[in-house]
Participant: 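I'd like to ask you about the structure that follows.
All values below come from the heavy atoms of this structure, side chains included, with hydrogens, waters and symmetry mates left out. The model shown is predicted, which means the values in this text are computed figures rather than measured ones.
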Amino acid sequence: MYDFDYMKNIEIDDVDIENLADIKDVSVDKTLPKDKRITEYIRQIKNPYCYRCGKFIIKAKFSDNGISMEDCLRSILL
C-alpha cells in the first residue's frame, strides 16, 4: 500500500517542491473514524515525512524512542 520506509528516507535535496503536497490544502473530515482519517490524510499529503507549507519544504523526523507516527497523526487530526 504505502512504502513508509521509502517516504521516511527521502532527502530534501532530492525532491521538487512543485511535486510535494501542500499541508495547507489538506482537509480531513473529523467525523470519520480514526483509521479513515489517517488514510485520508495520507492520501492527500502523499508523504507524511516530506511535504510543503507554502514555499517551504517540511521534513518530519521521529525518534525511535519517542512519540509514534500514529500518535503524531492523531494529534494533527484531532
Side-chain angles (χ1 to χ4, degrees):
M1 186 168 164
Y2 295 105
D3 187 350
F4 288 109
D5 285 331
Y6 173 77
M7 292 179 189
K8 179 171 50 173
N9 293 316
I10 285 181
E11 296 295 329
I12 288 177
D13 295 336
D14 296 336
V15 297
D16 178 359
I17 192 167
E18 297 302 320
N19 293 329
L20 297 176
D22 193 326
I23 191 77
K24 296 186 297 183
D25 298 329
V26 174
S27 177
V28 176
D29 181 353
K30 294 177 183 169
T31 65
L32 292 173
K34 178 179 85 170
D35 61 327
K36 301 277 189 210
R37 289 192 312 265
I38 291 171
T39 300
E40 183 59 16
Y41 173 77
I42 293 171
R43 183 189 71 75
Q44 291 182 47
I45 201 70
K46 299 175 187 158
N47 182 345
Y49 294 99
C50 190
Y51 51 90
R52 70 182 169 128
C53 183
K55 62 182 181 175
F56 299 100
I57 296 175
I58 308 299
K59 173 70 176 176
K61 292 187 178 189
F62 302 91
S63 65
D64 291 333
N65 61 357
I67 189 168
S68 70
M69 176 73 149
E70 182 177 311
D71 289 340
C72 287
L73 288 172
R74 183 181 303 119
S75 69
I76 290 170
L77 298 173
L78 292 177

Participant: For residues Lys8 and Lys59, report the shortest heavy-atom separation together with the two atoms involved.
Facilitator: O-NZ, 2.7 Å
Participant: Which atom names give the shortest non-hydrogen contact between Ala60 and Pro48, and what distance separates them?
Facilitator: CB-O, 3.9 Å
Participant: Do Ile23 and Val15 land in one hydrophobic cluster if side-chain heavy atoms of ILVMFWY residues count as linked below 4.5 Å?
Facilitator: no
Participant: Side chain to side chain contact (heavy atoms under 4.5 Å, CB included) for Lys24 and Cys53? Distances and angles first, verdict last.
Facilitator: CA-CA 6 Å; Lys24 296 186 297 183; Cys53 183; 4.2 Å; yes
Participant: Is there a chain of hydrophobic side chains (I, L, V, M, F, W, Y, each step under 4.5 Å between heavy atoms) that links Leu20 to Ile42?
Facilitator: no
Participant: Can you tell me how far the CD1 atom of Ile58 sits from the CD1 atom of Ile45, to the nearest 0.5 Å?
Facilitator: 9.5 Å
Participant: Any sub-3.5 Å donor-acceptor pair from Gln44's side-chain atoms to Val28's backbone N or O?
Facilitator: no
Participant: Can you tell me how far apart NZ (Lys30) and CG (Leu32) are? Round to the nearest 0.5 Å.
Facilitator: 12.0 Å
Participant: Do Cys50 and Ile57 make a side-chain contact, defined as non-hydrogen atoms from C-beta onward lying under 4.5 Å apart?
Facilitator: yes
Participant: Test your reading of the model: is there a side-chain donor-acceptor pair from Arg52 to the backbone of Ala21, 3.5 Å cut-off?
Facilitator: no
Participant: For Tyr49 versus Phe4, what's the shortest heavy-atom pair and its separation?
Facilitator: CE1-O, 3.8 Å
Participant: Identify whether Tyr6 and Tyr51 are in the same connected component of the hydrophobic contact network (ILVMFWY, side-chain heavy atoms under 4.5 Å).
Facilitator: no
Participant: Any donor-acceptor pair under 3.5 Å linking the side chain of Asn9 with the backbone of Asp5?
Facilitator: yes
Participant: Can you check salt bridge (charged side-chain N to carboxylate O under 4.0 Å, His left out) on Glu40 and Arg43, steps first, answer last?
Facilitator: CA-CA 5 Å; Glu40 183 59 16; Arg43 183 189 71 75; 2.6 Å; yes
Participant: Taking all non-hydrogen atoms of both residues, which atom of Asp22 and which atom of Gly54 are closest, and how far apart?
Facilitator: OD2-N, 3.1 Å
